[in-house]
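Data first, discussion second: the structure below is written as structure tokens.
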Amino acid sequence: MSQSAVAYSVQQSVASLIMHNPPVNALGKAVRVGLVEGIEKALADDAVKVIVITSDIGFFSGGADISEFSTGDFEPNLSTVVLHAIEQSTKPVVAVLPGPAFGGGLELALACHYRITHKANKVGLPEVNLGILPGAGGTQRLPRLVPVQQALDMVVSGRPQSVTKLPSVFAEIVDSVEQLPAATQTFIENLDLTADIPRTCDITVDSASFDPALFEQYAEGIKKQARGFFAPFNCIKAVQAATELPFPEGLQREGELFLECMQTSQARAQQHFFFAERAAGHVQDYDKSTPVRDIKKVAVIGAGTMGGGIAMNFANAGIPVTMLELQPEALEKGLSVIRGNYERTAKKGKLTAEDVEKRMSLLTGTTSYADLADVDLVIEAVFEKMEVKQAVFKSLDEVCKPGAILATNTSTLDINEIAAATSRPQDVIGLHFFSPANVMKLLEIVKAEHTAPEVIKTCMQMAKIIRKVAVLVGVCFGFVGNRMIEAYGREANRLMLEGATPEQVDKVIYKFGLPMGPFTMGDMAGLDIGYFVRQSRKAFIEHDPSYCVVADKLVEDGRVGLKAGKGVYLYEPGNRQPIPDESVLEIAKQEAARLGIEQRKISDQEILERCIYPLINEGALILEEGIAAKASDIDVIYVYGYGFPVYRGGPMKFADEIGLDKVLTAMNKYREQLGDYGEAWFKPAPLLEKLAQQGKTFN
Ligand code: T1G
């Protein structure tokens, strides 16, 4: 078996170990065994003078096999056995990288004595994104080959680097991958086989090459963006060890720090999320034989905030977009807002002036539906009112060519009803972008009752082209993300009635790891959004007289949030810093008295449980109804769409980690404790009850 993972051949005194473990040459057991066997064979063969390690697939290697982490097949001996055998080889070992080397893949290359690649290639140490750190010598060898600061940046950020930024790592960087075989041959021919073999482990980091305070300053510098994470700080300690300890002890220290990370719930959560993200793209609604429609021309209906952001995604991907607005001035405004967005990005150096012009040239405006006759995909982003959307779809149905995909960006309305306004419901789908649409990576793709499989498949693939993370969901109010957030917002408002302050609730949720608490988020988004949704949802909430009563009063008093300078909090002009406002607590107190709710001091733990567990419970109901195909899809939606901390894996993974029995017990406790309100909103989902009783998990 190991042979098929690493092919061995000898030609003109060169032994080649060619990794072949598609799709990314993950360094699973078969590859590790194959590499060791290959090295042993080459060392035992007197005819062999030089050893080459390379790959015959697109990647050099995507690193350790992450799926082994949860199966227990992962042996940390990649470093101590495999890479040690390579580095200590008495014959020179040359790594030839035809493609990217990440994680253990780059560590494998660093353990070789020479490295050759081509200038379009990228390498990286992304382990920190899995809640761990490079555990096969990467934190010890990289600082011996590049400046310590650059090593820190690579290890702590996990970001891939162009090889051209790492000249000291490579013996040769050729212009193109096609030149690699000849360049390798020439390199080997010119190799002085009598010279000492250059082993990275023999290099000592020059302590004068960096400020001793670097590591402490670095840890201080990442405090904000790495808030709540564990691994980034262990990454810094591991690189620091490379500058303070001899190689063997440094490797030992790296191993300790690696295992410390591997044992955390954060590592389990982030490794879960790695696969969850990819699993979202595996849907049962189509297969390899399902055709895909060409998307060469797109139209967006509505040039407002959402329409403009949506249009930018396609222009960024080089796809021409026609924006339709019936009012010429609204159209002009929409296009100028887009130009302004691009120019602001250019000012930050992320776009050139010609990039801006190229993107703008792809955007055209029209006030006439007739101009949409030949587009392949239309995305409607008009006012969130069913009659308005149905009128738009009726017009689209009349002008668009057969086979054009008609998508709505609605965030809550019933897409089956919108589809019914056309003669082609099979071509109607939901593409729910999150605001700001040109920034947020999440795209909820909503399949309606009659949506054709090829329309779903086309949209799932188009999402990748516009660099979105797509999750396929079903039709219900709010689909997945917004339906679950309703329970979360309801609880936050109810807790305020019961005596918690908005800042206490926000602080608890911020500490849990979300970017901001529910009240700060509501003020930023605008309290009027929730207000109008509640107006359209009277049947759903009328049995609960306390439902967001304070928020409703604030909106009716014109306090719609940051944009009005006052919402739940007050805001100084031009300043987004929320300022607590006693008068809001007074309103809560009066409303509580009117509703017969006794105010009390509420613990942080109760606040956390009452905001997060109903969110999880709603997720269980969504799974039961088949609105989401799998729990990990809900996790992807919450991490990418709502900033749920990735080191908790998403709401459903978080529930798995603390135990569904704990969630169920708490749901029943509040159901009991909160009387009619508890009876209305804390009824455990049958799926939660069943899995908890069976000792199972959502994922
Ligand atoms: N292990 C197992 N499976 C992997 C994998 C890996 N390292 N990398 C990718 N896959 C699977 C992936 O799940 C998907 O499967 C398919 O390959 C294609 O992936 C000791 C301990 C390499 C940039 O973190 O970043 O080394 O969904 O869709 O867009 O220090 O995959 O088709 O069934 O992402 O071309 C460190 C993780 C590991 C890199 C390719 N390495 N991978 O992107 O394809 S820990 C990483 C990626 C480690 C050592 C430590 C990307 C990619 P399926 P894909 P892609």
Side-chain angles (χ1 to χ4, degrees), residues 5 19 21-32 35 55 57-84 86 97-111 121-142 151 154-161 231 234-235 238-239 251 254-264 267-268 270-283 288 441 460-461 463-465 467-470 630 632-633 636 646:
M19 292 185 285
N21 183 27
V24 299
N25 275 344
L27 301 175
K29 196 168 181 66
V31 176
R32 297 197 297 270
L35 286 170
S55 153
I57 64 170
F59 289 92
F60 177 74
S61 167
D65 184 339
I66 305 167
S67 62
E68 286 185 344
F69 297 170
S70 51
T71 59
D73 295 331
F74 175 71
E75 297 152 332
N77 71 345
L78 176 68
S79 163
T80 50
V81 174
V82 183
L83 304 195
H84 183 76
I86 292 168
L97 283 62
F102 294 124
L106 177 56
E107 293 174 299
L108 165 59
L110 294 175
N121 203 9
K122 286 184 183 294
V123 294
L125 294 171
E127 288 88 338
V128 70
N129 300 327
L130 298 168
I132 50 179
L133 52 83
T139 66
Q140 306 305 304
R141 291 190 176 93
L142 190 63
M154 276 184 73
V155 173
V156 175
S157 75
R159 272 195 295 275
Q161 280 274 4
N234 265 19
C235 286
V239 174
L251 216 50
E254 177 193 80
E256 290 158 6
L257 293 165
F258 173 83
L259 284 178
E260 217 177 64
C261 291
M262 194 56 121
Q263 283 151 9
T264 61
R268 288 193 292 276
Q270 290 177 251
Q271 289 152 27
H272 154 74
F273 195 75
F274 172 83
F275 291 112
E277 253 190 304
R278 287 154 180 82
H282 304 165
V283 299
K288 285 193 172 52
K441 285 189 68 76
M460 289 293 286
Q461 296 197 356
K464 278 203 169 125
I465 293 165
R467 301 166 66 80
K468 295 295 179 189
V469 175
K630 44 190 182 294
S632 60
D633 284 352
V636 174
V646 69

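Counting starts at 1 for both ligands and their atoms, in listed order. Side-chain atoms are counted along with the backbone in the values below, which use heavy atoms only and exclude waters and symmetry mates.
For Leu125, no heavy-atom contact with ligand 1 is shorter than 4.0 Å. With a 4.0 Å cut-off on non-hydrogen atoms, Val24 touches ligand 1 through its side chain and not its backbone.
Protein heavy atoms come within 4.0 Å of atom 42 (N) of ligand 1. Taking a distance limit of 4.0 Å, we find that atom 15 (O) of ligand 1 is approached by no protein heavy atom. Contact annotation for atom 54 (P) of ligand 1: protein present (non-hydrogen atoms, distance under 4.0 Å). The protein reaches atom 35 (O) of ligand 1 closely, with a heavy atom under 4.0 angstrom from it.
Val155 approaches Pro134 most closely through the heavy-atom pair CG1-CD, 3.9 Å.
The option from Ala101, Ala64, Ser67, Ala26 that lies nearest to atom 7 (N) of ligand 1, judged by heavy atoms, is Ala64. Between Phe274, Phe275, Phe102, it is Phe274 that holds the heavy atom closest to atom 47 (C) of ligand 1. Here atom 25 (O) of ligand 1 lies nearest to Arg278 when heavy atoms of Gln270, Arg278, Gln271, Glu127 are compared.
Residue contact annotation: Gly138 has no non-hydrogen atom under 4.0 Å from ligand 1.
Pro98 meets the side chain to side chain contact (heavy atoms under 4.5 Å, CB included) test with Thr54, Ser55, Phe60, Val177, Leu180; sequence neighbours excluded.
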